[in-house]
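In what follows, a structure is listed as structure tokens, so that the remarks can point back to it.
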Amino acid sequence: MIFLANDNSCKDTRRYEQPSITVDNAVQMRGVTKIFGSVIANDKVDLDIRHGEILSLLGENGSGKTTLMNMLSGIYFPDEGEVYVEGEPVTIRSPKDAIDLGIGMVHQHFKLVDVLTATENIILGLKEPGRLNLKKAAEKIRAICDKYGFVVEPEKKVYDMSVSEKQTVEIVKVLYRGANILVLDEPTAVLTPQETEKLFDVIRNMKEDGKSIIIITHKLHEVMAISDRVAVLRKGEHVADVDTVETNPQELTDMMVGHAVRLNINRPEPKNRVKRLEIRDLSVNNVYGLRAVDKANFDVYGGEILGIAGISGCGQKELLEAIAGLQSTEEGSSVRYYPEDTDEFKELVGMNPLDIKKAGIGFSFVPEDRLGMGLVGSVGMVDNMMLRSYRDGHSIFTDHKAPKKLAEAVKEQLEVVTPSINTPVRSLSGGNVQKVLVGREIAANPKVLMTAYAVRGLDINTSYTIYNLLTEQKMKGVAVIYVGEDLDVLLELCDRILVLCGGKVNGILDARTATKEQVGLLMTNLQEKEENAQ
Amino acid sequence: MSSVHTVREPLIRISKRSGMPVWKSWLIRLAAVLVALLLSGLFILSVTGLNPIKVYVAMFEGALGTTRKTWFTIRDTMMLLCISIGLAPAFKMKFWNIGAEGQVLVGGIATAGLMIYLGDGSISTPALLVLMAVVSLLAGALWGIIPAVFKARWGTNETLFTLMMNYVAIQLTSYCVALWENPFGSNTVGVINRQTKVGWFPEVFGQNFGLNVIIVLVLTVGMYVYLKYSKQGYEITVLGESENTARYAGMKPGGVIIRTMAISGAICGLAGFIAVAGASHTISTSTAGGQGFTAIIVAWLAKFNTFVMLLISFILAFLQKGAMEIASQFKLNDFASNVITGIILFCIIASEFFINYRMVLRKRKEAEHK
């Protein structure tokens with residue numbers, strides 16, 4: 001198998017083999033394989049899920065966790081292998097088959113109808129005999145909530161709900177349908193530390209009730225906090241199965257990655273801090289005309305990394321896009337750029353990206369939406385390298401020589417895995433796509449480097465490559481803005497952390513002294529509702 | 001291994017295929033043509049009782065049998081190709097220009113009008129030809145710019161807009177036909193300048209349609225280079241992929257849309273010029289003859305590669321001519337020959353599915369298990 005890494009540094013490279021079929025287990029998967037084109041997403045995976053346990057399914061992005069669970073919940077059909085529920089062989093062809101077997105999955109992206117209430121969403125699609133009885137349904141929902149400690153208002157419309165409320169509705173929906181085996185796909189990705197704790201309490205209650213819960217995750221501290229057992233997937237294979245009490249984060253990382261990884265980020269003290277950007281009263285409305293960023297005030301310094309934390313959809317995207325000239329700002333907004341060696345500033349509000357470039361301001365921006373904004377998916381690395389510089393020169397034709405050189409350099413330095421520098425970047429893996437984007441933006445020798453979720457979806461090694469690149473830029477005097485979602489990383493990588501809450505700057509902390517709880521509190525403590533959350 | 005689980009497994013599943021060697025994909029396309037010939041052979045045999053081989057020979061004769069017939073096929077190929085080239089930049093930008101019919105017609109009206117009003121010999125034919133070309137380019141460009149401006153400014157749906165512009169152009173043509181009626185009461189314009197041939201394409205290499213070929217081939221090469229190597233072509237590629245990416249790169253999407261549609265409309269307008277001055281020498285509501293829609297298929301099948309468009313245009317013109325021939329030779333009606341054309345086209349398009357996807361049969365999988 002070509003996907004089997006030939007590394008022997010990990011102590012457990014042998015495929016994990018499960019014992020024989022037995023009714024003692026809730027679910028047993030045997031030899032389950034799923035292939036997409038030339039990519040083997042799951043390779044002969046054996047997995048057992050016991051009664052009344054919390055199992056963490058751990059693995060890097062692209063290791064096949066979600067694919068495996070999608071097969072259990074009827075979204076995909078396995079190419080090979082068998083699934084047993086309570087010791088009986090079963091065929092799961094659709095989510096309905098899965099729920100009939102008591103298997104329910106809560107997806108990473110919620111599948112709720114915004115204009116319906118919690119109750120309506122929960123009973124949606126159920127074919128119960130007789131007339132629709134919303135009251136009875138609401139009672140049943142309340143009973144479920146009381147039993148496990150959920151907080152759901154059955155009459156509340158989904159568009160009025162916060163992200164964690166929506167998630168709760170999704171979980172209740174699955175329980176309402178009688179699921180005994182719950183799969184939660186990265187449930188904490190969108191939650192604050194406080195909300196995560198609450199969710200874990202509920203999960204523990206469900207476990208007490210004898211339900212089996214599988215949590216798909218790549219966050220190690222959560223694995224340690226909640227689960228009884230950990231199954232580790234790597235490159236589509238089930239490589240390890242350990243009891244949580246017998247392992248530690250370092251060992252789990254090594255198993256995930258396949259070789260030893262150092263989990264520390266080098267953070268040198270900033271030197272020669274100089275003010276680059278002065279942002280005053282910056283307000284931005286989103287596409288729906290709602291206020292996404294509300295009178296933001298802060299400064300950005302060259303030579304430091306400014307982290308931006310916040311629940312997803314709190315104005316991070318709009319804030320960065322406004323600074324980059326991609327969003328129109330509201331009246332009174334001001335973004336001042338201070339060039340080198342002079343006190344005269346340039347007002348950036350009202351400039352588009354081309355104006356900014358023409359003004360000689362070195363702005364680099366790694367947007368959140370890589371293929372939808374930062375890159376052109378249908379063309380190769382060469383053509384992507386010239387995205388921001390294709391206008392250079394007077395010829396009506398594009399110059400391919402310089403971009404080709406740059407593409408080759410980026411490919412070599414960042415170890416981009418691609419068949420050729422002309423292969424459409426869409427067909428590269430997420431990590432390689434990000435390397436192409438970051439590589440291009442850094443190669444522009446920026447004065448300000450803004451990154452939004454620069455490591456989202458990347459494997460651990462690539463993530464650390466990116467962290468190092470950012471730190472390198474910082475030491476070169478670049479003002480780096482890092483919008484991130486992993487608080488641990490923010491606290492380790494950045495010099496200062498700006499916390500957004502509902503579009504407002506809710507505080508700026510020193511990253512060397514701040515704690516996760518402090519950041520988490522600032523992320524949520526504004527009493528206003530989030531209006532633009534997904 | 002348990003066999004219970006296979007009971008409810010779907011019979012056929014479809015999964016995406018990763019890169020297939022080029023030679024293999026062309027082999028599949030060739031096979032599709034053979035299957036098409038087989039299928040339509042069955043159709044011919046069962047419905048008309050004719051010998052399919054004879055019918056195919058007749059088709060070939062009809063399209064390429066004599067020099068004269070060959071040139072007619074070439075003329076139609078060039079017309080279709082010209083419109084497809086016009087559509088290519090718009091469609092590459094994901095601007096669904098369904099309005100080629102109208103753009104061709106307004107180009108044709110402009111040409112016919114100039115031929116009629118300046119046909120008295122007051123201006124030399126070469127000068128008139130240049131003038132007609134320029135005016136038809138402008139007319140087509142105008143027809144393309146109108147929906148583009150609305151799209152750029154107010155985000156209107158370009159598919160509906162360009163489609164409706166066709167009807168405006170058709171009515172405009174009807175008006176002009178009534179205006180220029182010749183002879184009076186015929187409700188047609190008739191052949192313009194039949195005696196003087198003022199404003200007609202001159203013979204090139206002793207051929208009536210030589211100039212058509214030269215103009216369109218120049219456009220073929222030009223558009224290929226424009227899309228692939230020019231800065232504007234790059235902007236079209238980026239904007240077609242994502243408007244956000246275009247803005248991120250500092251482009252002005254509205255401006256690119258308007259500029260590209262001006263080019264797209266202008267080339268379609270030029271196709272109208274070629275149709276009127278270089279082929280029919282008259283104007284009617286059927287001057288575009290649905291080719292504005294057929295050209296969409298050509299542009300898409302060729303994935304905007306103008307040289308592949310040449311091949312596809314030729315196949316379509318060939319099929320059309322062949323179908324007409326068998327219709328007259330075997331006294332089949334038009335519909336029967338259209339069925340044959342349809343079967344062949346269907347098979348060619350369907351073969352793309354087998355190039356991109358593979359089918360997994362349940363049985364095959366079971367065999368693998370054993």
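Lettering follows sequence order; numbering is per chain, from 1.
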Considering only distance and modelled atom types, tabulate donor-acceptor pairs under 3.5 Å from the side chains of residues 264-271 of chain B, sequence neighbours left out.
residue, atom, partner, partner atom, Å
B:S264, OG, B:G86, O, 2.7
B:S264, OG, B:N97, ND2, 3.1

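- Proximity to chain A (any heavy atom under 4.5 Å) is shown, for B:Y229, by both the backbone and the side chain.
- The minimum heavy-atom distance linking A:P353 with B:G250 is given by the pair CB-CA, 4.1 Å.
- Within the 3.5 Å criterion, the main-chain N or O of A:D383 finds a donor-acceptor partner in the side chain of B:Y234.
- Checked against side chain to side chain donor-acceptor pair (under 3.5 Å), A:N432 has the following partners two or more places apart in sequence or in another chain: A:S429.
- Only the side chain of A:R426 comes within contact range of chain B, with heavy atoms under 4.5 Å apart.
- With hydrogens and angles disregarded, no donor-acceptor distance shorter than 3.5 Å links the side chain of B:Y248 to the backbone of A:A324.
- How far CE of A:M386 is from NZ of B:K231: 10.0 Å, rounded to the nearest 0.5 Å.
- Within residues 395-403 of chain A, the residues that have a heavy atom under 4.5 Å from a heavy atom of chain B are A:S395, A:I396, A:F397, A:T398, A:H400, listed by number.
- Most heavy-atom pairs under 4.5 Å with chain B, from the set A:K357, A:E441, A:E321, A:K358: that is A:E441.
- In terms of non-hydrogen atom pairs under 4.5 Å with chain B, the most contact-rich of A:L354, A:N384, A:V376 is A:V376.
- Shown here is B:F150, whose CZ atom has no more than 12 heavy atoms of other residues, nucleotides or ligands within 6.0 Å.
- For chain A, the option among B:E235, B:K228, B:Q232 with the highest count of heavy-atom pairs below 4.5 Å is B:E235.
- Nearest heavy atom pair, residue A:L387 against residue B:T245, reads CD2-CG2, 3.7 Å.
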Residues 89-96 of chain B side chain polar contacts: donor-acceptor under 3.5 Å, at least two apart:
residue, atom, partner, partner atom, Å
B:K94, NZ, B:G240, O, 3.2

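- Using a 4.5 Å cut-off between heavy atoms, A:V379 contacts chain B through its side chain alone, with no backbone atom that close.
- Put simply, the side chain of B:R247 never gets that close to the backbone of A:M373: no donor and acceptor are under 3.5 Å apart.
- The OG atom of B:S242 sits 7.0 Å away from the CG atom of A:D369 when rounded to the nearest 0.5 Å.
- Residues B:E241 and A:L371 are not in side-chain contact: their nearest non-hydrogen atoms beyond the backbone lie 4.5 Å or more apart.
- With a threshold of 4.5 angstrom between heavy atoms, A:I356 does not approach chain B through any atom at all.
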